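A, B, ... follow the sequence lines: proteins, then strands. Residue 1 opens every chain. Values below: all heavy atoms of this structure, side chains included; hydrogens, waters and symmetry mates excluded. These figures come from a predicted structure and were not determined experimentally.
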Amino acid sequence: MSGAVMQAGYAEDRAAIEDLMARYLFAMDWGDYEAYLDMFTEDGELEFVRGTAKGRQAISESVRAFKQSIGQFYKDADGNPAILRHIISQTVIRIEGDRAFAVAFWWEMANDGPGGKPKPGTFGTYEDELVKQDGRWLFSKRRILNEFLEGRGTGEVNPVRLLDERAQRARA
Amino acid sequence: MSDPAQLARDRAEIKDLMGRYLFAMDWHDTEAYAACFTEDGVLDYAMATLTGREEIRRGAEKFRDAVGDLFKREDGSPALLRHVLDHIVIRVEGDEAWTTAFWWEMTDGGPGRTPEIQSFGTYEDELVRVNGQWLFRRRKIYNELIPGRETPAENPVRHYDAAAQAAAKRN
């Protein structure tokens, strides 16, 4: 079975989580680490190409190192660090009480195309678990999958099916 | 702290306004475009800073006339231009709101009439609810591909969080 029976207040929770996901990208692309870390629970987990970082301190170190290395990867036509932007499009969000499960499609572009034009970089999915603490939604786990990195692809199973299963287990 | 149900409604309405704005712009519906702003609204973008609906409507006409020269297909005919809006941060305090949003644009001017990304940037908006309807009081358009119009280096969401907090104290 698929699809979710939406609990009352779904629109409110969804609005708050959409906003959080947008804030996340601005914080990341503008290197605002304080705002970025504030979106995770104290013991939050970030799993991405560099491995799994647990807790805000570990996430901070991992993300800073990643941001530095990616700056060497994306260069504009003159060899300067390119302006890199992450974009989030459609998002599926399941709410189970004070927990939520989300899958989102992300992609990225930078001004590193021919003649300084924008060029798409990579794309992938976010697989998230969130908790509501003191009325505020936070990431307890964000998994960043990237279809262009060996071993980091989303896989062949519809990620929303996996999300529904996780949500069902949380409900049980 | 705002009521969550009201916040969800406001967010839905503001997203709708932002959608209407882009359809009005890309289809050159200059009346509908100007109607997205308050009577004394301000549009601050690469070509000018315009104040009031009439100036904004005329600005949209100028944009319509200029865009065909700016973006061309390989055969020299004017390209279609489409703006795309993705993630949006929205702060609401009573009848005022602040948004930071990511936009990008593409044309059908790529090789063999394929899509080609032209530019990207951010919108920074101040909105106000007038007679139950959200409108732009001020829209500032940053464009990362135009020197001098790039989004400032500080996380743009911070700027409007501060404005929203100041408004919350005032109310």
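- Within a 6.0 Å radius of NZ in B:Lys62, no more than 12 heavy atoms belonging to other residues, nucleotides or ligands are found.
- Only the side chain of A:Trp107 comes within less than 4.5 Å of a heavy atom in chain B; its backbone stays farther off.
- Here A:Tyr24 and B:His87 keep their ring centres 6.0 angstrom or further from each other.
- Residues of residues 79-92 of chain A that come within less than 4.5 angstrom of chain B, heavy atom to heavy atom, are A:Ile83, A:Arg85, A:His86, A:Ile87, A:Ile88, A:Ser89 in numerical order.
- Chain B forms more heavy-atom pairs under 4.5 Å with one residue of A:Gly9, A:Ala35, A:Ala15, A:Pro118 than with any other, namely A:Pro118.
- Neither the backbone nor the side chain of B:Arg9 comes within contact range of chain A; no heavy atom of the residue lies under 4.5 Å from a heavy atom of that chain.
- Residue A:Asp19 holds its CG atom at 7.5 Å from CG of B:Leu7, rounded to the nearest 0.5 Å.
- With a 4.5 Å cut-off on non-hydrogen atoms, B:Ile90 touches chain A through its backbone and its side chain both.
- The structure places CZ of A:Phe26 at 9.0 Å from CD1 of B:Ile88, a figure rounded to the nearest 0.5 Å.
- The hydrophobic cluster of A:Leu138 has no other members, since no ILVMFWY side-chain heavy atom comes under 4.5 Å of it.
- Interface remark: B:Ala5 contributes backbone and side-chain atoms alike to the contact with chain A (heavy atom separation under 4.5 Å).
- Of the two parts of B:Val157, only the side chain, counted from C-beta on, holds a non-hydrogen atom closer than 4.5 Å to a non-hydrogen atom of chain A.
- Within residues 41-52 of chain B, no residue has any heavy atom less than 4.5 Å from a heavy atom of chain A.
- The contact between A:Ala110 and chain B is made entirely by backbone atoms, counting heavy-atom distances below 4.5 Å.
- Annotation: residues 97-126 of chain B contacts chain A through B:Thr100, B:Ala101, B:Phe102, B:Trp104, B:Glu116, B:Ile117, B:Gln118, B:Ser119, B:Phe120, B:Thr122 [non-hydrogen atoms, separation under 4.5 Å].
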